[in-house]
Amino acid sequence: MLNPATIVLKNGKDHSLRRRHPWVFSGAIARVKGDTHEGDPVRVEAIDGELLGVGHFSGGGSIAVRMLDFGVNAALPSPEFWEAKLGNAYRLRQRLGLTGTADTNVFRLVHAEGDGLPGLIIDVYGDVAVVQAHSVGMYRARPEIAAALQAVFGNQLRAIYDKSAETVPGNAVPDAQNGYLFGESTGTEHLVHENGHQFAVDWETGQKTGFFIDQRDNRALLARYSPGRKVLNTFCYTGGFSVYALEAGADLVHSVDSSKKAIALTERNAELSNHADRHAAYPDDVLGFLKNHSAQYDLLVLDPPAFAKHMGARHAALMGYKRLNAAGIAHLAPGGLLFTFSCSQVVSPELFEGAVLAAAIEAGRPARILHRLTQPADHPVSLFHPEGAYLKGLVLAVE
């Protein structure tokens with residue numbers, strides 16, 4: 001773009017950008033110089049004309065600009081920009097030991113603000129990268145992003161799949177469709193490895209990008225506690241926790257999810273583990289299952305989808321976490337372990353812990369915190385954007 005529009009901030013509203021926070025809120029804007037359209041790259045200036053950085057413009061919602069670069073030397077996105085950003089993200093994953101290993105070929109390459117690319121998620125499944133745009137600016141940049149991915153990965157990538165139809169703002173891109181930006185489907189089952197465990201992943205029609213990569217470290221922790229235990233994995237999706245428990249030597253594992261498709265994937269992954277004889281899956285509402293079954297378990301996983309997507313829903317979410325955890329605790333045998341999680345960004349760790357505390361009080365069960373859990377290192381949180389910390393979890397020993 002030769003002549004990008006310029007967003008001029010109100011006096012005193014430039015402090016957050018000087019601290020490299022990546023969001024410009026609509027209320028901070030004094031005026032706009034030039035024409036702007038949803039997703040356009042724009043310059044952002046202080047009231048005195050100093051260039052603060054560049055970003056993607058968003059016409060709807062409270063966040064008006066998502067920043068891509070900061071300072072007086074910030075440049076608009078170019079092929080070199082995308083290749084540098086993705087290369088930097090890839091090198092971090094190399095240092096984390098997530099690339100080039102046979103045991104694990106699944107990782108998150110780009111975690112939005114955590115990697116300096118607000119609105120963009122890229123997950124890698126073996127030789128396929130799955131791109132998910134959460135903003136119009138990133139959606140429009142998909143060809144450049146795909147080209148940069150090929151430059152960074154070379155012949156390591158067989159295909160690049162765009163999974164943005166469910167995440168890009170629908171009012172701005174009503175005709176968005178998923179599809180391959182590079183390569184094509186093999187028409188066969190996609191198998192990947194995580195910590196030596198094999199999983200079938202469906203990035204074309206599955207939830208999110210196909211697999212909940214953010215629970216990798218927490219699944220490994222659960223495996224330490226699984227031998228000889230009876231395990232219940234609720235909201236199981238593809239059965240990640242179930243497979244880890246089975247292969248670690250759990251006596252039995254039950255998996256519950258309301259989605260029949262998720263249950264089918266869980267059963268397939270249990271088969272891949274060669275321990276399906278110790279596994280049973282139930283297509284059922286989790287609270288309904290807990291209400292209608294009296295079995296006691298030694299280890300129970302509560303990993304629900306986000307209960308709140310905005311601040312207005314936070315109170316109802318906290319009540320939901322309380323009800324769910326009280327029901328889960330009631331199904332734990334004395335001395336049992338509860339792995340409980342929240343991925344609601346607007347629910348802080350302190351509020352989530354308070355909801356679990358209220359559940360334990362309601363259940364009348366003493367409990368001790370053994371671990372406080374979060375997202376893994378390939379889901380980094382920018383020091384300048386603490387809002388990027390969304391996953392929180394507790395491991396409780398319940399008397």
Side-chain angles (χ1 to χ4, degrees), residues 207-208 212 214-215 217-219 221-222 225 229-237 240-242 245 253-259 262 282-375 386-399:
Q207 295 179 43
K208 303 291 185 178
F212 290 164
D214 57 3
Q215 290 285 20
D217 292 352
N218 300 327
R219 287 190 278 263
L221 177 64
L222 176 130
Y225 294 116
R229 285 190 159 99
K230 297 177 180 178
V231 178
L232 174 63
N233 178 21
T234 67
F235 306 97
C236 64
Y237 185 37
F241 283 108
S242 303
V253 177
H254 290 168
S255 304
V256 181
D257 199 289
S258 61
S259 165
Y282 302 89
D284 200 354
D285 170 75
V286 169
L287 281 173
F289 178 90
L290 294 173
K291 179 180 178 180
N292 296 322
H293 290 73
S294 59
Q296 295 282 289
Y297 297 90
D298 307 307
L299 195 160
L300 197 150
V301 180
L302 298 174
D303 186 22
F307 280 3
K309 297 292 181 69
H310 54 83
M311 292 296 288
R314 189 169 67 179
H315 177 72
L318 291 171
M319 295 300 100
Y321 288 126
K322 175 186 172 183
R323 287 192 298 273
L324 176 63
N325 280 273
I329 289 171
H331 280 268
L332 273 175
L337 299 178
L338 177 67
F339 279 64
T340 182
F341 298 94
S342 165
C343 62
S344 299
Q345 191 174 47
V346 299
V347 174
S348 69
E350 294 77 17
L351 287 174
F352 178 63
E353 194 167 310
V356 177
L357 165 64
I361 293 171
E362 183 176 295
R365 304 279 296 275
R368 287 170 283 182
I369 297 174
L370 304 184
H371 302 276
R372 289 184 171 90
L373 307 177
T374 186
Q375 60 217 59
E387 298 94 324
Y390 69 96
L391 181 63
K392 70 284 299 181
L394 298 169
V395 180
L396 304 181
V398 180
E399 301 302 320

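Because the structure is a prediction, the values reported are computed rather than measured. Counting from 1, the numbers follow the sequence of the chain as shown.
Listed by first and then second residue, the salt bridge (charged side-chain N to carboxylate O under 4.0 Å, His left out) pairs involving residues 311-324 are K322-E362 (not counting sequence neighbours). Each salt bridge (charged side-chain N to carboxylate O under 4.0 Å, His left out) pair with one or both residues in residues 334-352, not counting sequence neighbours, would appear here, but there are none.
To the nearest 0.5 Å, atoms NZ (K230) and CG (L232) are separated by 12.5 Å. Atom CZ of F339 and atom CG of L300 lie 11.0 Å apart (nearest 0.5 Å). In this structure, R368 CZ and L337 CG are separated by 10.5 Å, a value rounded to the nearest 0.5 Å. A distance of 8.0 Å separates CG in L373 from CG in L391, rounded to the nearest 0.5 Å. For the atom pair I329 CD1 and L396 CG, the distance stands at 6.5 Å (nearest 0.5 Å). To the nearest 0.5 angstrom, S344 atom OG is 2.5 Å from Y321 atom OH.
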Intermediate values then yes/no, side chain to side chain contact (heavy atoms under 4.5 Å, CB included), L357 and I361: CA-CA 6 Å; L357 165 64; I361 293 171; 3.9 Å; yes
Derivation of the side chain to side chain contact (heavy atoms under 4.5 Å, CB included) call for Y237 and Q215: CA-CA 12 Å; Y237 185 37; Q215 290 285 20; over 6 Å; no
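Across all their heavy atoms, C343 and P304 have their closest contact at SG-O, 3.8 Å. Taking all atoms of both residues into account, the shortest heavy-atom contact from L332 to R365 is O-NH2, 2.9 Å. Of all the heavy atoms in S242 and S255, the pair that sits closest is OG-OG, 2.6 Å. Summarising the geometry of L302 relative to G328, their closest heavy-atom pair is CD1-CA, 4.4 Å, with the distance given to 0.1 Å.
The side chain to side chain donor-acceptor pair (under 3.5 Å) test with Y297 is passed by exactly one of R229, H331, H254: H254.
The ring of F212 has its center no closer than 6.0 angstrom to the ring center of F341.
No donor-acceptor pair closer than 3.5 Å links the side chain of S258 to the backbone N or O of D284. Listed for the R219 side chain is no donor-acceptor partner under 3.5 Å among the backbone atoms of F241. Without hydrogens or angle criteria, Q375 side chain to Y390 main chain gives a donor-acceptor distance under 3.5 Å. Checking side-chain atoms of K392 against main-chain N and O of V347 turns up a donor-acceptor pair under 3.5 Å. A donor-acceptor pair is defined here as one N or O able to donate and one able to accept, closer than 3.5 Å; no such pair exists between the side chain of E399 and the backbone of G336.
For the 3.5 Å distance criterion, the side chains of H293 and Y282 fail to qualify, holding no donor opposite an acceptor.
E387 meets the side-chain hydrogen bond (donor to acceptor under 3.5 Å, both in side chains) test with H21; sequence neighbours excluded.
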